[in-house]
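Along the sequence shown, residues carry numbers from 1. Please read these numbers as outputs of a predicted model, since none were measured by experiment.
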Amino acid sequence: LTLTTTRPGKVSDPQNTKLYLNTDGSNATDYAIFVGDSSKFSDQLEFQYTVADGDNSEDLDYLNTTSLDFGPGTIKSAAGINLSSDLQVPGTLNSLSYGDGINSGHEIIINTRAPQIESFSTINPDGRYSVGQNIVIRATLSEEVDTNQTFKLVLDTGVGRTVEMTTNGSIRASGIYTIQPDDSSESLKVLDILPESLTDDAGNSLLTTLPSSITVGNIIVDTTAPTV
């Protein structure tokens, strides 16, 4: 991350110079460290930020106009004048995230939240189903993921039946469960999630935590033939 000053300056205390970022909401706890050359005057202040677990930002910027902190030190011009540490308002001209389609800024998204499944549903009507019939299962994800990624669901059919789910480029995924002989369920539920290789745009893998409701509609699986 680079800040450009109005005139060249020299940082007097590089080890304690920080730039606070908007990666933890309104809390000023996440910051980039100064990595520039403090031995010479420059109008470029260089900082380095390492993404940590829990950091998130829809458009990376410094936190506010007072986010540049020189600690007990200062930044002075060649004439010995203290330079201001005030910054432009985040999102406005000359801020880190500014972009208007012409003077485009750097849009950097920080995302450490792993996608997870929030609910299950089906397009099938409520009812009783038997061998050879198809149940279309849908899953709603916590965020959009690329199309044609897959994961599997383990169903409570008595024999550990799985169904492969495929994403459609939104927060939806779907798959078809075809009922096999000996399958049985009084109320079709999901027992487990097998994530395979599904990830979001930031590379976060799908969590295997089940949502609070694991039922798939009001579907009864009954493959037992009636007897006299």
Side-chain angles (χ1 to χ4, degrees), residues 21-25 27 30 49-60 97 106-225:
L21 303 173
N22 66 345
T23 53
D24 64 344
N27 300 314
D30 289 351
Y49 160 59
T50 301
V51 178
D53 187 31
D55 290 357
N56 295 281
S57 177
E58 292 300 320
D59 194 355
L60 184 65
S97 64
H106 295 284
E107 184 179 12
I108 299 176
I109 298 172
I110 306 297
N111 177 18
T112 63
R113 299 186 187 99
Q116 62 185 69
I117 296 175
E118 295 186 331
S119 64
F120 301 109
S121 62
T122 180
I123 63 172
N124 291 64
D126 297 349
R128 190 178 296 269
Y129 294 80
S130 191
V131 175
Q133 292 184 291
N134 293 326
I135 309 296
V136 177
I137 299 176
R138 290 178 170 175
T140 299
L141 302 171
S142 59
E143 61 177 290
E144 291 186 2
V145 296
D146 288 340
T147 189
N148 291 326
Q149 296 197 71
T150 61
F151 59 95
K152 290 182 180 179
L153 302 178
V154 180
L155 306 177
D156 72 329
T157 57
V159 290
R161 197 72 66 193
T162 62
V163 57
E164 183 168 90
M165 307 289 287
T166 304
T167 60
N168 67 358
S170 68
I171 61 171
R172 305 289 185 186
S174 61
I176 297 177
Y177 158 51
T178 302
I179 299 174
Q180 303 297 316
D182 299 324
D183 286 3
S184 177
S185 177
E186 289 299 316
S187 178
L188 189 62
K189 298 179 181 67
V190 176
L191 298 180
D192 200 4
I193 301 168
L194 307 179
E196 297 191 334
S197 59
L198 187 149
T199 61
D200 63 12
D201 288 344
N204 301 308
S205 298
L206 177 68
L207 295 177
T208 58
T209 305
L210 289 167
S212 56
S213 176
I214 59 174
T215 58
V216 183
N218 295 308
I219 303 296
I220 298 172
V221 178
D222 181 6
T223 60
T224 303

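- V136 and T122 make their closest contact through O-OG1, 2.6 Å (heavy atoms, listed as atom of the first residue, atom of the second, distance).
- Side-chain contact between P211 and E118 is absent, with no heavy-atom pair separated by less than 4.5 Å.
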Step by step, work out the side chain to side chain contact (heavy atoms under 4.5 Å, CB included) result for N111 and E143.
CA-CA 11 Å; N111 177 18; E143 61 177 290; 3.5 Å; yes
Quick one, I117 with L153, criterion side chain to side chain contact (heavy atoms under 4.5 Å, CB included). Give me CA distance, side-chain angles, the key distance, then yes/no.
CA-CA 11 Å; I117 296 175; L153 302 178; 4.3 Å; yes
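- Here the closest heavy-atom approach between residue P115 and residue V145 is recorded as CB-CG1, 4.5 Å.
- Residue D200 holds its CG atom at 11.0 Å from CZ of R113, rounded to the nearest 0.5 Å.
- Side-chain contact check for L141 versus L206: some heavy-atom pair is nearer than 4.5 Å.
- Among all heavy-atom pairs drawn from T208 and I193, the shortest one is CG2-O, 3.5 Å.
- In the model, S130 has no side-chain atom that pairs as donor or acceptor with a side-chain atom of D222 under 3.5 Å.
- Between G217 and S187, the closest heavy-atom pair is O-OG, 4.4 Å.
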Does the pair Q116 and T209 meet the rule for a side-chain hydrogen bond (donor to acceptor under 3.5 Å, both in side chains), with working shown?
CA-CA 7 Å; Q116 62 185 69; T209 305; 5.9 Å; no
Yes or no on side chain to side chain contact (heavy atoms under 4.5 Å, CB included) for N168 and T166, after CA distance, side-chain angles and deciding distance?
CA-CA 7 Å; N168 67 358; T166 304; over 6 Å; no
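- At a threshold of 4.5 Å between non-hydrogen side-chain atoms, the residues V163 and I176 do not count as touching.
- Taking all atoms of both residues into account, the shortest heavy-atom contact from S57 to T23 is CB-CG2, 4.2 Å.
- What you find for V221 and L188 is that their closest heavy atoms are CG2-CD1, 4.3 Å.
- With a 4.5 Å cut-off on side-chain heavy atoms, S185 and L155 do not count as touching.
- No side-chain N or O of T167 forms a donor-acceptor pair with one of R172 less than 3.5 Å apart.
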